[in-house]
Amino acid sequence: MPPRGADPRALTHGVHPWPARMHPHTAKTLLAVANPGAVADPFMGGGTVMVEARLASRRAFGSDLNPLAQHVAWARTRVVNAGWVARLNDAAGEVVLGARKIRSTRKVPKPLVAHHGDWFDPPALATVWAISASIGTELSPIGRMLRLALSSIAVKVSRQASDSIPKIDRDHQWVAARAVERRFTARVAEIGRSLLQFERVASDTPEPHFAQRDARIRPPEAVDLAAVITSPPYPGVYDYAAHHARRYWLWPGASRPERGEIGSRRDAKRKGGANLRFAYRDSMEALLTAWLEGLAPEGFCALVIGDGQTATGPVPVIPLLEQAATAAKANIVGVASQPRRQYGPGGNVKRGAQKFEHIVVIQPQ
Ligand SMILES: C[S@@+](CC[C@H](N)C(=O)[O-])C[C@H]1O[C@@H](n2cnc3c(N)ncnc32)[C@H](O)[C@@H]1O
């Protein structure tokens, strides 16, 4: 359990939202018990393990199905100096001025309004679009970091209830153009400060490798790994692809990665609990088969994972992992579990079947 007061947003850990992020303390603790050598996180999300691996001077391979993950993990692991951060802040000011010009001379494209009009107040949509156009499509490191800042505020300036509730907020308050500009420049400044804190502790450490990839496929270069430290989706709990729906249009070439998403809540609703369990167990078997092969002797695979949920109740995840491990010719060699409270719509603690979060350590037989 992370010590009381351990800040989950320390250093660069808070530069961009990602639902169900791993606590940095958990990543750090698991890295500390692995033998020396490279590590991998095939469900890297916003890149918590990548940040901590860099801090521990380990080579690291991070991948995720979601195209945004690469950008977020890239940003969180940048080592830059004060001059670069000053240029970033200057560029943000220029981008805002450029965006005002764009707004005064061009109209928001109709397809964008058709697609996103319900989700943003009109001045907010126009300003986010104009800032994006002003950044330009070339992804230089500064351009990429500015886009990251815009992406990180996209839900806050929209009508979406929150990052993990992709529904219209019934108590939404109007967002004006200047509010978007202010949030954008403030975010860039905040990211700059986080990057400088990171630089103080991470200079001279190896850059991680990033890829957009299905976790069930291991890249051929990821071999001789001291550990795979990762947090797969919990069965039937989240729709990661949908959570970032306000953001894909801000990233050139990015599309919503629904196909291939493991354990989505959407599939649990559509296919029902039994199918979810089968599909989830098969996915975990494929994951373990691929990655256990890449381990060095005494290497391990640590999964930070929680019990799932379907309409008919909780889905205990350990039996599914036991079956998957056996099929992948592996053993579960350690489990640590903690109860998790469940909250109802009014914020009250729900009664009923208890759910747990676990750290599960698996090694080849
Ligand atoms: C619990 S989150 C990981 C959070 C991450 N540890 C962090 O700290 O930000 C699970 C991740 O699994 C990814 N995912 C879902 N299905 C996947 C698949 N088939 N292959 C790779 N990633 C997948 C989601 O995009 C999501 O980022």
Side-chain angles (χ1 to χ4, degrees), residues 2 8-31 39-54 60-77 152 163-164 166 208 210-219 222 227-245 247-248 254-268 276 279-291 301-309 317 340 357-360:
R9 294 173 56 89
L11 300 173
T12 49
H13 285 300
V15 306
H16 191 288
W18 201 274
R21 277 195 299 134
M22 193 187 291
H23 197 293
H25 181 80
T26 307
K28 188 176 176 170
T29 308
L30 290 168
L31 283 161
V39 294
D41 181 353
F43 297 101
M44 76 171 165
T48 310
V49 173
M50 297 295 106
V51 172
E52 292 298 327
R54 187 154 197 179
F61 297 89
S63 50
D64 198 285
L65 196 65
N66 195 308
L68 266 50
Q70 277 195 74
H71 297 296
V72 178
W74 170 86
R76 282 171 75 186
T77 52
S152 82
D163 268 287
S164 49
F210 299 121
Q212 182 185 359
R213 180 181 290 112
D214 191 303
R216 292 160 285 198
I217 301 163
R218 177 175 54 87
V228 174
I229 298 172
T230 196
S231 179
Y234 306 177
V237 174
Y238 275 125
D239 285 317
Y240 289 95
H243 286 156
H244 293 296
R247 301 195 164 102
Y248 298 112
S255 59
R256 204 164 144 156
E258 242 118 23
R259 271 189 63 199
E261 203 178 41
I262 292 172
S264 70
R265 188 181 168 139
R266 186 183 62 251
D267 274 358
L276 172 81
Y280 194 83
R281 191 202 55 202
D282 287 355
S283 288
M284 291 300 111
E285 178 189 337
L287 174 85
L288 293 173
T289 304
W291 287 94
C301 187
L303 305 182
V304 179
I305 197 164
D307 292 332
Q309 184 69 44
V317 79
R340 282 283 171 263
E357 273 180 354
H358 320 269
I359 296 177
V360 182

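The analysis underlying the following values was restricted to heavy atoms, covering all of them including side chains, and did not include hydrogens, waters or symmetry mates. Note that ligands are numbered from 1 as they come in the structure, with each ligand's atoms numbered from 1 the same way. Everything numeric in this text was worked out from a predicted model, so none of it was measured.
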Show the atoms of ligand 1 that are less than 4.0 angstrom away from any heavy atom in [X].
| X | result |
| --- | --- |
| Tyr240 | 1 (C), 2 (S), 10 (C), 24 (C), 25 (O), 26 (C) |
| Glu261 | 15 (C), 16 (N) |
| Asp214 | 19 (N), 20 (N) |
| Gly46 | 7 (C), 9 (O) |
| Ser231 | 1 (C), 2 (S), 3 (C), 6 (N), 10 (C) |
| Gly260 | 18 (C), 19 (N) |
| Arg213 | 20 (N), 21 (C) |
| Arg21 | 7 (C), 8 (O), 9 (O) |

- [ ] To the nearest 0.5 angstrom, please state how far the CG atom of Leu287 sits from the CG atom of Asp214.
- [x]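 Separation between the atoms: 9.0 Å.
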Task: Neighbour count >12 (heavy atoms, 6.0 Å) for atom CZ, Arg218 - done: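 Check passes, neighbour count above 12.
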Open item on the list: For His13, run the side chain to side chain donor-acceptor pair (under 3.5 Å) check against His23, Arg21, Glu52 and tell me which one passes.
Closed with: Glu52
Task: ligand 1 contact on Pro42 by region, counting heavy-atom pairs under 4.0 Å - done: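 Backbone only; the side chain of Pro42 stays clear of ligand 1.
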TODO: Decide, yes or no, whether a salt bridge links Arg247 with Asp163 under the criterion of side-chain N to carboxylate O below 4.0 Å.
DONE: yes
- [ ] Verify, without hydrogens or angle tests, whether Glu261 (side chain) and Tyr240 (backbone) share a donor-acceptor contact under 3.5 angstrom.
- [x] yes
Task: Donor-acceptor contact below 3.5 Å, side chain Asp64 vs main chain Gly45 - done: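 It does hold such a pair.
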What is the nearest protein non-hydrogen atom to [atom], stated with its residue, atom name and distance?
| atom | result |
| --- | --- |
| atom 24 (C) of ligand 1 | Asp64 OD1, 3.5 Å |
| atom 20 (N) of ligand 1 | Ala215 N, 2.8 Å |
| atom 4 (C) of ligand 1 | Ala20 O, 3.6 Å |
| atom 3 (C) of ligand 1 | Phe43 O, 3.4 Å |
| atom 16 (N) of ligand 1 | Ile262 N, 3.0 Å |
| atom 5 (C) of ligand 1 | Met44 O, 3.3 Å |
| atom 8 (O) of ligand 1 | Thr48 OG1, 2.6 Å |
| atom 15 (C) of ligand 1 | Pro233 CG, 3.5 Å |

Minimum heavy-atom separation for [X] to [Y], with atom names?
| X | Y | value |
| --- | --- | --- |
| Pro232 | Ile305 | CG-CD1, 4.0 Å |
| Trp291 | Ala222 | CZ3-CB, 4.0 Å |
| Leu31 | Val49 | CD1-O, 4.3 Å |
| Val228 | Pro42 | CG1-CD, 3.7 Å |

Open item on the list: Geometry only, no angles: is Trp18 polar-contacting ligand 1 at N/O separations under 3.5 Å?
Closed with: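 The answer is yes, given that Trp18 and ligand 1 share an N or O pair closer than 3.5 Å.
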Task: Nearest candidate to atom 21 (C) of ligand 1, where distance is taken over non-hydrogen atoms, out of Leu68, Ile305, Leu65 - done: Leu65
- [ ] For Phe61, check ring pair (Phe, Tyr, Trp, His ring centres under 6.0 Å) against everything at least two apart and list the hits.
- [x]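 With neighbours one apart ignored, the set is His209.
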Open item on the list: Tell me whether ligand 1 is touched by Ala69 - counting only heavy atoms on the residue side and a distance under 4.0 Å.
Closed with: no
Open item on the list: Classify the ring geometry of Trp18 against His244: parallel below 30°, tilted from 30° to 60°, perpendicular beyond 60°.
Closed with: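 Correct class here is tilted.
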